[in-house]
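Numbering of residues begins at 1 and proceeds along the displayed sequence.
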Amino acid sequence: MKKFTAALLGLVFLVSVFALPAGAVGFEPPFEIQAKAAYIVNTDTNIIVYEKNSEESLPAASLTKVMSNILLIEQYGDQLDTVTAELTSSIRDTLYGSGMASGDIRMGEPHTLRSLMNASLVYSAADATMIIANTVSGGNIDNFVYMMNSKAKEIGCTGTTFVDPVGMSLDNVTTARDMYLILRYAMSFDILKETMGTLKWDMGQDFLPSRYAAGTYNLYTTNKMHDEALGAEYYRAYNQGGKTGTLEDWQNFSAWHTSKDTGETYISVVLNSPNSCDPYEYPTPRPALYETGLLMDWIFESFAIQPAMQTGEPLAEVKVKYSTDADTVMLYPADDMMTILPKGTDETVTQKTFDLPESISAPVKRGDVVGTVTLSLSGQTIGVVELTADRDLDRNELLFAISKIGEFFGSLYFKVLLCVSAVTVVIYLILYANNQKKRKNDRRVRRPSL
């Protein structure tokens, strides 16, 4: 049942992704971010609001752990509290000296999969993530990595390659667009969305040896953009959750944000922000959080979801044939096309390209689709809306009959028929003349009988 549910969720996700428009609103912020790549999408309209080098493959770091936990939920989503797993010596040896974050999980400590998932996504614990990979793959980490890459391709990633479950190697690469797809897919599972929005997880609730007291073994989120108490200048009330990733002297961050006032939601990805761009640097540099804050502040301050057209106002008209009620019919948009527009503007900032026939034939019914209008903003297509007739128009049968008769006599078929008939008559006359001439000749040579 769990595999069927996962497959169904995957199908729904893929349908939604491949239905996405490719256009971006085309506005640039009044600043330049230092991250190598970024990608921000409004999930209410599926419009790309900002992008920078979104197809460039870059080191994923601990963003890799999002994919590892997707595989966990797809395989063990209904067993998170009933299945436990432990740290193995091979995992311990693999991570030793790697510099990856540790959840302080020790040999012989059984933890539920739910606890390991929280350690992995909340605190970015590499040991917890490796235990997850070991459990899901039945002890074959190479097979788990294969599963990660297969899932990435399944959800539409084109520039992503994983070589380990935790992001330890620089050879784990992804693109800003691919990471958007991965996070959006992860968010389709409520448990993953809830976990990536968790501020603190008590590891002691699963295992309480003598060295721990209940509630003292806590892991805190690395996403300080979501942490009001500890986030300081990085904190933003609109951030709802996300995942960080850090290697060398740069940071990645993939997250989602919702306006408290309007409910508008965005998914953002910022890759490889250098530590040098973070002006705060305390307690540790968080450049991807800083640059995400810059971008999202600008977006929430500058843009709003607005109608790209008014459904009650006509946009065009076309001629109508065979009706005595009217010569033309007015066309109205079937949808207001909610889109991202700069605040303080209206639908007049969009460009409209019409696809309409020169005329239509009665009868016409109110609501009939007559054509379409393509909307663009700053040269980028943001959508296509159907245009519909505003009234009923009956057909005048006499006009229709006269028109059809005229069309028949003016048609190519009639002209061909006329030509064929003329040729037939000419041939008949020639044959008739030849026949008459032959008869005359026959009479001349005929002799009287004796």
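Between Asp227 and Lys224 a salt bridge is recorded (basic side-chain N to carboxylate O distance below 4.0 Å). Arg106 has a carboxylate O that lies under 4.0 Å from a charged side-chain N of Asp104, or vice versa, which qualifies the two as a salt bridge.
Side-chain contact between His257 and Ile299 is absent, with no heavy atoms from C-beta onward closer than 4.5 Å. Within the 4.5 Å cutoff, the side chain of Asn223 has no heavy atoms near those of the Met196 side chain. Arg236 places none of its side-chain heavy atoms less than 4.5 Å from the side chain of Thr292. Counting heavy atoms from C-beta on, the side chains of Arg114 and Asp81 come closer than 4.5 Å. The shortest distance between side-chain heavy atoms of Ser273 and Trp250 does not fall below 4.5 Å. Using a 4.5 Å heavy-atom threshold, the side chains of Thr284 and Arg286 count as touching. At least one side-chain heavy atom of Leu295 sits under 4.5 Å from a side-chain heavy atom of Ile33. Contact annotation: the side chain of Tyr123 never approaches that of Met203 to less than 4.5 Å [non-hydrogen atoms, C-beta and beyond].
With hydrogens and angles left out, the side-chain atoms of Thr244 and Thr222 include a donor and acceptor closer than 3.5 Å. Between Thr311 and Asp336, the side chains place no donor N or O within less than 3.5 Å of an acceptor N or O (distance only, hydrogens not considered). In the model, Ser120 has a side-chain atom that pairs as donor or acceptor with a side-chain atom of Thr129 under 3.5 Å. Judged purely by distance below 3.5 Å, without hydrogens or angles, the side chains of Asn239 and Tyr234 never pair a donor atom with an acceptor atom. Looking only at atom types and distance, the side chain of Ser62 has no donor-acceptor partner in the side chain of Lys243 under 3.5 Å away.
Checking side-chain atoms of His226 against main-chain N and O of Gly242 turns up no donor-acceptor pair under 3.5 Å. Using modelled atom types, one side-chain atom of Thr43 and one backbone atom of Thr265 make a donor-acceptor pair closer than 3.5 Å. Of the possible donor and acceptor atoms, none in the side chain of Asn172 sits under 3.5 Å from a partner among the backbone N and O of Phe162. A donor-acceptor pair is defined here as one N or O able to donate and one able to accept, closer than 3.5 Å; no such pair exists between the side chain of Glu56 and the backbone of Ala37. In this structure, Lys200 contributes its side chain and Asn218 its backbone to no donor-acceptor pair below 3.5 Å. When atom types are taken as modelled, the side chain of Gln306 and the backbone of Pro342 share a donor-acceptor pair closer than 3.5 angstrom. Judged by distance alone, with hydrogens and angles left aside, the side-chain atoms of Thr64 form a donor-acceptor pair with the main-chain N or O of Ala61 at under 3.5 Å. A donor-acceptor pair under 3.5 Å links the side-chain atoms of Glu291 to the main chain of Gln34, judged by distance alone. The backbone N or O of Ala288 sits less than 3.5 Å from a side-chain atom of Gln251, completing a donor-acceptor pair. No donor-acceptor pair under 3.5 Å is formed between the side chain of Asp278 and the backbone N or O of Pro285.
Within a 6.0 Å radius of CD in Glu55, more than 12 heavy atoms belonging to other residues, nucleotides or ligands are found. For Tyr146, the OH atom sits in a loose shell: 12 or fewer heavy atoms of surrounding residues, nucleotides or ligands are nearer than 6.0 Å. The environment of OH in Tyr96 is sparse: at most 12 heavy-atom neighbours from other residues, nucleotides or ligands sit within 6.0 Å. For Lys365, the NZ atom sits in a loose shell: 12 or fewer heavy atoms of surrounding residues, nucleotides or ligands are nearer than 6.0 Å. Counting non-hydrogen atoms of other residues, nucleotides and ligands closer than 6.0 Å to NZ of Lys352 gives a total above 12.
A tilted orientation is assigned to the rings of Tyr238 and Phe300, their planes being inclined by 30° to 60°.
Of all the heavy atoms in Ala326 and Arg391, the pair that sits closest is CB-NH1, 3.7 Å.
The CG atom of Asp390 sits 8.5 Å away from the OG1 atom of Thr328 when rounded to the nearest 0.5 Å. A distance of 10.5 Å separates CD of Gln75 from OG of Ser137, quoted to the nearest 0.5 Å.
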- Message: Please evaluate residues Lys319 and Asp327 with respect to the criterion side chain to side chain contact (heavy atoms under 4.5 Å, CB included), reporting the C-alpha separation (whole Å), side-chain torsions for both, the decisive distance (0.1 Å), and the verdict.
- Response: CA-CA 6 Å; Lys319 294 180 179 180; Asp327 296 328; over 6 Å; no
- Evaluate side chain to side chain contact (heavy atoms under 4.5 Å, CB included) for Glu74 paired with Phe189, printing each intermediate quantity in order. CA-CA 9 Å; Glu74 290 190 332; Phe189 299 94; 3.9 Å; yes
- Verify side chain to side chain contact (heavy atoms under 4.5 Å, CB included) between Leu72 and Thr135, making sure each step is shown before the conclusion. CA-CA 9 Å; Leu72 168 66; Thr135 302; over 6 Å; no
- Passes side chain to side chain contact (heavy atoms under 4.5 Å, CB included), Thr221 versus Thr198? Steps please. CA-CA 7 Å; Thr221 182; Thr198 297; over 6 Å; no
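Applying side-chain contact (heavy atoms from CB on, under 4.5 Å) to Ile182 and the options Leu63, Ile70, Val269 leaves one that passes, Ile70.
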